[in-house]
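Read through the structure below, which is laid out as structure tokens, and then see the notes.
One-based numbering, in listed order, for ligands and for the atoms of each. All values reported here derive from a predicted model rather than from experimental measurement.
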Amino acid sequence: MVRRAARLGKRVALVIVGLLLFGVAVSAIACWRTPPVQVGAMPDSSVRIDEVTRLHPVTMSRVVTPRTIQDIVNAVKATPGPISIGGGRYSMGGQTATPDGTQLDMRQFRGVVALDTAAKTITVRSGTRWREVQEALDKVGLAVKIMQTYNTFTVGGALSVNAHGRYIGQGPLVRSVRDVTLVLADGSVVSASPHFRPELFYGAVGGYGALGVIAQVTLDVAQNTHVRRDDETLPVASYLDFFRKNVRDDSTVVFHNADIYPPAYETLHAVSYRKTTLPVTIPERMLPADQHAWSHRTAYEMITDWPKGKWMREHLIDPVIFRGNPVEWRNYEASYDVSELEPRSRARDTYVLQEYFVPVDSIGVFVPRMRRVLQEHEVNAVNVSIRHALPDPGTYLAWAPNEVFAYVLYYKQRTDPESRREVARWTRQLIDAAIASGGRYYLPYQPVATRAQFAAAYPRSAELFALKQQVDSTGKFTNALWDLYRPAGDGTMPAMTARHLAANLPAEVRIALDSVKGYSRKEASEYLTHPEWDLVYGSEAYARWLEQAKRPSAFPYVGSVGTFWRSYAGTYEAAKDRYGVDMGTHVMLNVIGVSTAIEYGLKGLYENTIGRLTEWNMPAGGTAEERYAAKVARDYAKLIATKGWYEFPFMHAFEGLWSDVPLTGPGFLRKWERRFALSAEYLVKAAYASIIGAGTAAGYAPDELTRHVVAVGWSEPLDASLGGNAHFTRARDLDRGYELLTVGRYDPYRDALLALSDHADCVRIAEINGSEVVTIAGTAPNAWRTPARTSVVVAYRMPDDPSRTRILLRVQARDLLDALHGLRTGGQFQVEHIYDY
Ligand SMILES: Cc1cc2nc3c(=O)[nH]c(=O)nc-3n(C[C@H](O)[C@H](O)[C@H](O)COP(=O)(O)OP(=O)(O)OC[C@H]3O[C@@H](n4cnc5c(N)ncnc54)[C@H](O)[C@@H]3O)c2cc1C
């Protein structure tokens, strides 16, 4: 008995292995026969503006690159707005761009205008990078007086954020600015300094381009000297005392910073560079321009990705880097280039900066608060670098109204929307910690603060907006920062369009969405749902085929397997860099793919052998069994569009075949061959479905059947005008103009969006269940070209109609209605599905 059971077990195992090998072989042939297809694109004149982290892309309608002041004047006069100003684009939250606006890209407006060695001043065009300024100064023994650590930024960009560096006895950059030349919104060219039109001077410096374009700048400069490095490791708790005794009032200290080591944030490494007459041990006058190096990249990877990486940084890497007391030129130490920080890729994770400015005395209050937030949220910090700044002389958006320490947090984060939302949550906590400690946060970084936090940190912003009203009454100059924080409805600027609102979700909306249960879903699923849907399309094609009474032997079984694997490969390729794809998803898709290959492979074999033998006996329109099979295939295709395939009542289909379909009729042989073949198919599937169904019920929770859409410009009267049955329901008001809508999944979701796309001129979608990307599947003639702002994830010929291509399109949620409107009116692309995973 036992031996017989073992023998049976062996045979079953052999059959399973045989089937698997068969499935793999069919899949391999199918893949080879289903190549990806290239789809052309319609011309698109819009420009994507990316900043260094790649977290805030903004699509603008054009970029203008002035080379002279007159070019700036002409561009400003000729453009009604909105205009944004771009320097090096190293700010990290869209501060250089606004949706569909014009960017003045200042990088070609560069060069030194005048250098006065006696007065120690230099006048430069604002698009000049600091490196170019340093190269000019170095030749005459001079150096920049105040700038940030990296020399890659433009002078205009640094002035507009009022940057700071590691200098001691200095502070915000404004302290070294003699005067600026501005181009205002009406095209007028004016000068401003602390003594002449000071309101414009203190509004433009640190004003993030709110008042106009900074064209030329005159800066104080310093002597280039030798500096000698020394360093010390000490507890954070002792730092204030150390700083006051050894650094603050020591006029020989040129640069100083102190890096707090994560993850304990208890110890720091203080580094100072003091003027010296000793000969240089590093003869180079400046570092090379390109500092991108394997060693830097690997060190940052070690610190952020390796187990014990932070310990290694503190105990192994830094002791090696900081051995000895090198003597170098001041310009050498001030010539770091951001290329040294550039990782291999920023697709899945990216390095980001934040800064908090807190009165020097408050270190003992702020650091414990900061430590708690960073530890609670397990922030992957490289370090928190402390720098010192003396008070700002009067800029409207001063971050150092008094003497402060800057806490510069450099960390790594994932780029997917959920990770970004998590960063926003703890960033708001850090901002609260800084404000509660009497401090402020820095504005060139991700704009996730609430309006209340912005107002608390920058109490004079109202004065800046009032000044803006005087010199730029139509609000010509704007960018993501001002789109978010400018006052609403006070008449100072034109109303924001739905497009602007959808592109920049304010913190208030985020906070409201955080409280909506089940709101946040994984964006990666927008891609990896498509292979499963490809099977739905395949089943629909099969049902259509049978309904048209075409010969089953001619159905493209292998082609239908091929499109599954092609869509799997294409969507995996699109998702892997950004999100990573977990093993569970791979296992699930492979099981489905191989099962489908076995099913279609066996069916194809059968239909082209035994099935084919009886086809001569098939009456016109098929036998009653064939019509029944077509009906079952249609019901099956309908069911799997919303439920698991294993939920289909195969047993019921089997029973119906024998109870509802007459036993006699034309095409006797074909009839009975079909009857037995269909019976076998339904019975095998019923058994397999019950096994898979039991496993799935144990492993998966049932999915939510509604979807949440964040919209701008939507109203109930507009919804009522949509017609049809598909409508949205208002779930709640989120913030000024933002609504949370709900809609049923699947067809109602698709139909409601398609109907709403007729109003794309006034309504925008910002995101859907936390996803900023939406994918649309459909078919189009082979020569079709993609419209603007959409891109192809994967495309392949339809196996049952080779004159058409099935295409998975990707579009930003904020452009979804425009894209759908274009697809509908274009008439050639038939939308099958808008994924709501
Ligand atoms: C790796 C790294 C290190 C950094 N280190 C420091 C540091 O040590 N200290 C510090 O203070 N900051 C630091 N920053 C922040 C940096 O100073 C700002 O992001 C700065 O704005 C970058 O200059 P940019 O030329 O790239 O300006 P952009 O990012 O191009 O522009 C910044 C802002 O200035 C406006 N703007 C640019 N040019 C003009 C112009 N000509 N007229 C009017 N407005 C203009 C833009 O509209 C925008 O609002 C760092 C940033 C990075 C990425």
Side-chain angles (χ1 to χ4, degrees), residues 49-56 58 66 69 72 76 82-98 101 103-110 124-131 146-167 170-174 180-184 200 203-217 255 257 291 300 334 336-343 350-355 357 382 385 387 389 397 399-400 406 408-411 442-447 477-483:
I49 305 290
D50 261 314
E51 41 66 63
V52 59
T53 65
R54 316 274 191 281
L55 291 176
H56 285 269
V58 180
I69 292 196
I72 303 173
V76 169
I83 297 178
S84 301
I85 308 158
R89 299 181 183 172
Y90 286 97
S91 47
M92 297 179 174
Q95 287 83 348
T96 67
T98 192
Q103 192 196 57
L104 290 186
D105 177 351
M106 302 300 290
R107 289 173 295 185
Q108 299 306 316
F109 179 65
R110 43 174 281 264
V124 297
R125 296 186 186 95
S126 61
T128 314
R129 293 189 192 262
W130 287 95
R131 183 174 183 92
I146 305 177
M147 59 178 277
Q148 59 295 314
T149 305
Y150 293 92
N151 66 9
T152 328
F153 314 139
T154 63
V155 172
L159 235 71
S160 297
V161 305
N162 196 10
H164 66 93
R166 294 171 292 150
Y167 301 91
Q170 305 296 337
L173 179 54
V174 63
V180 294
T181 306
L182 302 174
V183 177
L184 299 178
L200 284 181
V205 179
Y208 293 82
L211 298 188
V213 185
I214 299 175
Q216 258 173 218
V217 185
F255 305 103
N257 67 291
Q291 292 160 29
Y300 285 110
Y336 292 100
D337 185 277
V338 288
S339 56
E340 72 142 6
L341 301 172
E342 197 53 33
T350 184
Y351 293 104
V352 188
L353 272 166
Q354 299 187 355
E355 280 187 55
F357 304 100
V382 174
S385 184
R387 287 105 198 261
L397 298 182
W399 45 261
V408 185
L409 167 64
Y410 192 54
Y411 69 98
Y442 207 14
L443 295 172
Y445 305 125
Q446 300 187 60
F477 292 106
T478 189
N479 56 52
L481 188 70
W482 300 134
D483 287 348

Contact (N/O only, under 3.5 Å) between Q148 and ligand 1 | no
Does some side-chain heavy atom of M106 sit less than 4.5 Å from a side-chain heavy atom of T154?
-> no
Would a distance-only check, ignoring hydrogens and angles, find a side-chain to backbone donor-acceptor pair under 3.5 Å from T152 to V338?
-> yes
S160 side-chain N/O to G157 backbone N/O, donor-acceptor pair under 3.5 Å | no
Per-atom filter on ligand 1: closer than 4.0 angstrom to a heavy atom of V213 are 42 (N)
Heavy-atom distance under 4.5 Å between the side chains of Y300 and E340, does that happen here?
-> yes
Under 4.5 Å between any side-chain heavy atoms of R54 and T350, yes or no?
-> no
Using a heavy-atom cut-off of under 4.0 Å, does the side chain or the backbone of M92 touch ligand 1, or both, or neither?
-> side chain
Around atom 34 (O) of ligand 1, find the nearest protein heavy atom and jot down its residue, atom name and distance.
-> S160 CB, 3.1 Å
Salt bridge (charged side-chain N to carboxylate O under 4.0 Å, His left out) partners for D105, two or more places apart | R89, R107
Element-labelled atoms of ligand 1 that are located less than 4.0 Å from some non-hydrogen atom of S126 = 41 (N)
Classify the ring geometry between F153 and Y90 as parallel (under 30°), tilted (30 to 60°) or perpendicular (over 60°).
-> tilted
The side chain to side chain contact (heavy atoms under 4.5 Å, CB included) partners of A334 (sequence neighbours excluded) come to Q134, Y167, F255
Around atom 13 (C) of ligand 1, find the nearest protein heavy atom and jot down its residue, atom name and distance.
-> Y445 OH, 3.5 Å
What residue and heavy atom of the protein are closest to atom 27 (O) of ligand 1, and at what distance?
-> G157 CA, 3.3 Å
Which option, R107, R129, H164, R89, owns the non-hydrogen atom nearest atom 10 (C) of ligand 1?
-> H164
If you scan protein heavy atoms around atom 31 (O) of ligand 1, the nearest is T96 CG2, 3.5 Å
Minimum-distance protein heavy atom relative to atom 51 (C) of ligand 1 = F153 CZ, 3.4 Å
Kindly say whether R110 contributes a backbone atom to a donor-acceptor pair with the side chain of R125 at under 3.5 angstrom?
-> yes
Any heavy atom of N479 under 4.0 Å from ligand 1? The part involved is side chain
Using modelled atom types only, decide if a donor and an acceptor are shared between the side chain of E355 and the backbone of A406 within a distance under 3.5 Å.
-> no
Which atoms of ligand 1 have any heavy atom of G212 under 4.0 Å away?
-> 43 (C)
T149 heavy atoms, cut-off 4.0 Å: which ligand 1 atoms fall inside?
-> 8 (O)
Of all the atoms in ligand 1, which lie at a distance below 4.0 Å from a heavy atom belonging to A163?
-> 10 (C), 11 (O)
Please answer whether the main-chain N or O of D337 pairs with a side-chain N or O of Q291 as donor and acceptor at a distance below 3.5 Å.
-> yes
For atom 26 (O) of ligand 1, the closest protein heavy atom turns out to be Y90 N, 2.8 Å
Just jot down the ligand 1 atoms closer than 4.0 angstrom to any heavy atom of L341, in number order.
-> 1 (C)
Sub-3.5 Å N/O-N/O distance, G88 and ligand 1 = yes
Under 4.0 Å, heavy atoms only, figure out whether ligand 1 is touched by the backbone of T154, its side chain, both or neither.
-> both
Less than 3.5 Å between some nitrogen or oxygen of Y150 and one of ligand 1, yes or no?
-> no
Looking only at N/O atoms, are G86 and ligand 1 under 3.5 Å apart anywhere?
-> no
A student checking ligand 1 against L353 at a 4.0 Å heavy-atom cut-off should list atoms 1 (C), 2 (C), 3 (C), 4 (C), 50 (C), 51 (C), 52 (C)
Kindly indicate whether the side chain of T96, heavy atoms from C-beta on, has any atom under 4.5 Å from the side chain of Q103.
-> yes
shortest atom 29 (O) of ligand 1-to-protein heavy-atom contact is with S91 OG, 2.5 Å
Which residue holds the protein heavy atom closest to atom 46 (C) of ligand 1, what is that atom called, and what is the gap in Å?
-> I85 O, 3.0 Å
Below 4.5 Å, heavy atoms only, C-beta onward: do H56 and P447 meet side chain to side chain?
-> yes
Heavy atom of Y351 under 4.0 Å from ligand 1?
-> no
Winner among E51, Q95, E355 once heavy atoms are compared against atom 49 (O) of ligand 1 | Q95
Does L443 reach the side chain of V161, with side-chain heavy atoms less than 4.5 Å apart?
-> no
Quick one: sort the Y351 and Y410 rings into parallel, tilted or perpendicular, breaks at 30° and 60°.
-> parallel
Between the main-chain N or O of P82 and the side-chain N or O of T478, is there a donor-acceptor pair closer than 3.5 Å?
-> no
Answer yes or no: does an N/O atom from I214 fall short of 3.5 Å to an N/O atom of ligand 1?
-> yes
One finds that the ligand 1 atoms under 4.0 Å from a non-hydrogen atom of V338 are 1 (C)
